[in-house]
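Read through the structure below, which is laid out as structure tokens, and then see the notes.
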Amino acid sequence: MTFYIYDSFSREKKKFEPINSDDVRIYACGPTVYNYAHIGNARMSVVTDLLVRVLKTIYKNVKFVSNITDIDDKIIEASKVSGKKIQDITEKFHKSYNSDMKNLGVNKPDLQPKATEHIKEMIEMIESLIKKNVAYIENKHVLFNVQKYKYYGKLSRRTREEQIAGSRVEVASYKKNPEDFILWKPSKDNEPSWSSPWGEGRPGWHIECSAMSKKCLNFPFDIHCGGIDLTFPHHENEIAQSCSLIGSDCKPDNFSKYWFHNGFVTVSGEKMSKSLGNIKLVNDILKKYSGNVIRLSLLSSHYRQPMDWSEKILEQSKKTLIRFHKALSEYDIRKNEQNLMKNENMLDFLKALYDDLNTPKALAILNGWFDKLKKKDLPNGLLIQQIIKALNILGLNLEEIKISENLIDENKKKEIEKMIEDRRIARQKKDFKKADEIREKLKKMNILIDDTSDGTKWTSNDK
Ligand SMILES: [Zn+2]
């Protein structure tokens with residue numbers, strides 16, 4: 001079977017042909033750890049995890065590296081605002097990120113290198129770039145001269161004017177070209193700093209991914225992943241500095257053979273932002289929904305499409321999982337998996353995923369299997385095995401689906417709250433007959449209610 005990948009560099013769907021099929025290597029730009037992970041971080045993590053899982057059904061050895069940015073302006077700012085030490089902030093949010101992603105069924109990357117542990121590699125890389133005459137020193141800053149890399153702008157397909165408009169204008173007076181970017185800069189008072197040939201300072205953001213991907217995977221590797229918002233300038237800069245180590249006429253595929261970008265996540269059509277107060281944090285959503293529900297929601301649309309996050313998607317996924325739960329509860333799902341890789345139905349499912357991770361299609365096939373299970377259309381043993389295999393590839397936690405009574409509890413809770421609200425309205429309209437009927441119905445459900453000045457409280461008499 002062949003995997004087809006949409007390569008966002010060439011903007012074409014291509015047959016995936018790894019550089020070495022015995023050693024497939026993937027890199028993804030990981031989070032900057034200064035806050036809890038939001039649903040946009042989670043989308044990148046979940047779809048990249050799925051990519052790795054799907055490639056592992058074809059290739060024996062798939063190595064996946066995703067970094068942790070633990071030095072950055074935003075982290076320094078968070079430390080200033082909170083009065084907490086930088087290291088305390090980054091350790092706390094690195095841990096919470098991994099724990100949230102684990103809840104979403106994301107396997108930990110094979111390597112998760114931290115920027116602050118690779119300063120030496122970054123300095124060496126910057127020194128080589130200066131020697132190659134593609135980077136220059138200006139007032140204790142080291143900058144990359146984008147005019148020296150002939151393929152600059154080829155990934156994002158931006159014109160020079162668009163590049164200038166899109167690059168952050170920082171220390172502009174030192175720059176030979178406005179779009180030149182910083183490789184190294186002096187640290188201000190009390191900011192973390194490291195010794196370098198250019199004085200005490202710290203790296204710019206972009207260089208860390210080149211240094212860490214080179215160290216962990218070597219160039220070229222197979223797939224570079226990240227959110228679509230990183231295309232420019234971050235990924236453009238990664239290509240320029242990585243390829244320039246070889247030579248200014250070195251083509252971008254000498255860094256990464258394919259580029260894999262996932263779409264944006266918006267909330268009610270708006271970009272998530274602090275000022276709008278609409279940032280959806282994974283650990284908040286986890287208080288109400290299981291990791292499976294969030295994961296299924298993120299996989300319900302194709303990874304390249306923009307996704308408008310809403311409670312509706314979560315509720316829909318919850319319903320689907322309750323349906324899965326009910327269907328599976330009759331069966332023993334711990335049975336050994338048969339080899340299904342040649343099973344025709346299974347191939348149909350895999351074919352959808354091998355087609356650039358077409359999860360909507362794969363999920364439709366899986367849903368169809370659950371319909372068949374209900375109608376008892378196929379020998380159930382085989383069908384159950386197919387379902388287990390498919391859920392495993394999608395990274396949905398079977399045990400959690402099996403013991404997901406809490407999902408049903410959530411539904412029951414909603415039903416109770418709706419009844420209490422209906423009773424309140426009935427009382428307001430002085431329809432006491434209806435209000436009493438609702439109270440009796442609740443009583444039969446073992447729910448006791450208490451009308452307080454703060455509204456109606458309820459308790460379950462079940463436990
Ligand atoms: Zn990166």
Side-chain angles (χ1 to χ4, degrees), residues 7-9 25-34 37-38 40-45 47-49 51-52 63-75 90 93-94 97 101 106 109-119 121-123 125-126 129 144 146 149 151-156 158 163 166-168 179 181-185 202-245 252-264 303:
D7 169 33
S8 33
F9 188 91
R25 288 159 302 135
I26 304 172
Y27 183 86
C29 295
T32 303
V33 281
Y34 68 103
H38 57 63
N41 302 128
R43 188 179 196 195
M44 188 290 284
S45 225
V47 299
T48 313
D49 178 69
L51 174 71
V52 174
K63 188 175 180 184
F64 175 53
V65 178
S66 186
N67 69 306
I68 292 289
T69 300
D70 59 350
I71 176 71
D72 180 83
D73 290 343
K74 287 178 198 149
I75 299 171
T90 55
F93 291 115
H94 180 183
Y97 178 81
M101 293 313 123
V106 172
D110 297 298
L111 290 171
Q112 198 175 42
K114 287 187 201 169
T116 54
E117 289 172 1
H118 294 83
I119 304 288
E121 286 80 359
M122 292 186 226
I123 291 176
M125 205 171 246
I126 298 170
L129 293 169
F144 186 93
V146 301
Y149 183 59
Y151 298 103
Y152 194 78
K154 289 280 180 286
L155 171 71
S156 57
R158 288 188 182 222
Q163 290 166 22
S167 55
R168 284 184 223 171
E179 67 272 43
F181 59 91
I182 289 174
L183 297 168
W184 189 267
K185 59 182 171 186
R202 59 187 173 99
W205 171 37
H206 315 294
I207 192 73
E208 71 176 71
C209 286
S210 294
M212 290 187 276
S213 59
K214 185 167 177 33
K215 189 183 175 193
C216 301
L217 296 171
N218 215 351
F219 299 160
F221 50 86
D222 295 294
I223 308 173
H224 194 311
C225 313
I228 189 83
D229 51 324
L230 296 185
T231 310
F232 185 87
H234 185 56
H235 290 158
E236 202 73 75
N237 294 352
E238 278 188 36
I239 293 173
Q241 65 207 4
S242 304
C243 293
S244 295
L245 290 171
D253 60 0
N254 284 285
F255 172 45
S256 176
K257 190 169 177 184
Y258 305 94
W259 284 84
F260 175 95
H261 284 109
N262 63 274
F264 250 143
Y303 79 89

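Read the numbers this way: they start at 1 and go in the same order the structure lists the ligands and their atoms. Along the sequence shown, residues carry numbers from 1. These values consider heavy atoms only, across backbone and side chains, with no hydrogens, waters or symmetry-generated copies.
- Not less than 6.0 angstrom separates the ring centroid of F64 from the ring centroid of Y27.
- For D222 (side chain) and I26 (main-chain N/O), no donor-acceptor pair under 3.5 Å exists by modelled atom type.
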Kindly indicate, with the supporting measurements, whether the criterion side-chain contact (heavy atoms from CB on, under 4.5 Å) is fulfilled by N237 and Y152. CA-CA 8 Å; N237 294 352; Y152 194 78; 2.5 Å; yes
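- A donor-acceptor pair is defined here as one N or O able to donate and one able to accept, closer than 3.5 Å; no such pair exists between the side chain of S244 and the backbone of Q241.
- The Zn ion (ligand 1) has H234 among its coordinating residues (N/O/S atom, backbone or side chain, under 2.8 Å).
- Here H235 does not reach the Zn ion (ligand 1): none of its N/O/S atoms is less than 2.8 Å from the metal.
- When distances from the Zn ion (ligand 1) to the N, O or S atoms of E238 are compared, OE2 comes out shortest.
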